[in-house]
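Before any comments, here is the structure.
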Amino acid sequence: MPKITIHDLLKKKREKKKISMLTAYDYPFAKIVDEAGIDGIIVGDSVGMVVQGLENTLPVTMDEMVYHTRIVSRAVRNAIVIGDLPFMSYQASIEDAVRNAGRFLKEAGASAVKIEGGAEVADRIRAMAKADIPVMAHIGLTPQSIHRMGGYKVQGKTEESAKRLLEHARVVEDAGAAFLLLEAIPMGLAKQITDEISIPTIGIGAGPYCDGQVLVLHDVVGLFERFLPKFAKQYVNLRSLALEAISRYREEVEGGLFPTEDQSFK
Ligand code: KIV
């Protein structure tokens, strides 16, 4: 199967076929996600919380994002890889945005980048698109704005804020975004946005009517123990499986049951 491109995702939207995405941050999991036939991998700055043990995503650096995106890209054959621009890699200037987005394609093997924000980053989206960098815009709950938003809260619940989000969606499409991530917004609003714009919408906590879905991998496989968002679904608990396996190993070492002669050299 050839590598999935933004054109394949657009075709899926037109044909009303659902798009599947997950995050990944390292080689072994990216390989599994890709083998499972997932369309797109977002190397999210959520790496800060689920891998680095940080309180939020703000401290994640551009160099760390390039490192994780590079090792994900190395594992992937089919899925489109999307690098996530971290806090302060695009806010200060359009030039920062283009240079840092370019690093994902030039140094890390990504085919697209994600940027948090709507109309306020439209000039960045336009400049990146002009530099031939496919962009996923991200509106609704944008975790890099937690201090302004006052926490991880559902967005677009009032008529006025819903109207504003719909306008943001139109503006980023007009600026040249290739797809749009909708995070933590009411499903009716996500449907309205999905129906109105021609680029694919990928939802996380945005209900079933988006063109596609994404979740944080560590939520799906049960490797993040701090909390499970209401919108996420855990399909397996790898943490308890790993804990059981590692505890058994410890018991066997302490009891003299491992290694046996089978694991030894003659
Ligand atoms: O950082 C992240 O993992 C995200 C997800 C919503 C894809 O932004």
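Side chains included, hydrogens not; waters and symmetry mates left out as well; all remaining heavy atoms used. Each ligand, and each atom within it, is numbered from 1 in the order the structure gives.
Interface of E183 with ligand 1, defined as ligand atoms under 4.0 Å from a residue heavy atom, comprises 6 (C). In summary, the atoms of ligand 1 found under 4.0 Å from a heavy atom of T23, numbered by their order in the structure, are 3 (O), 7 (C). Ligand-side atoms of ligand 1 in range of D84: 1 (O), 8 (O), range being under 4.0 angstrom from any heavy atom. Taking every non-hydrogen atom of G44 and a distance limit under 4.0 Å, the qualifying atoms of ligand 1 come out as 1 (O), 2 (C), 3 (O).
Scanning all heavy atoms of the two residues, the minimum distance from P186 to V154 falls at CD-CG1, 4.3 Å.
Heavy-atom distances between M21 and ligand 1 stay at or above 4.0 Å for every pair. Residue contacts with ligand 1 include K114, since one of its heavy atoms falls under 4.0 Å from the ligand. Contact between L181 and ligand 1 is present, with at least one heavy atom of the residue lying under 4.0 Å from the ligand.
Checked for salt-bridge contact, R77 and D34 miss the test: no charged N lies under 4.0 Å from a carboxylate O.
Residues E167 and R164 fail the side-chain proximity criterion, which asks for heavy atoms closer than 4.5 Å.
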Worksheet entry | Candidate pair D8 and K12, rule salt bridge (Lys or Arg N to Asp or Glu O under 4.0 Å), full reasoning | CA-CA 6 Å; D8 298 314; K12 275 197 151 184; over 6 Å; no

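In the model, Y25 has a side-chain atom that pairs as donor or acceptor with a side-chain atom of S46 under 3.5 Å. Side-chain polar atoms of E173 and S198 form a donor-acceptor pair below 3.5 angstrom.
Atom 3 (O) of ligand 1 has S46 OG, 2.5 Å as its closest protein atom, hydrogens excluded (heavy atom only).
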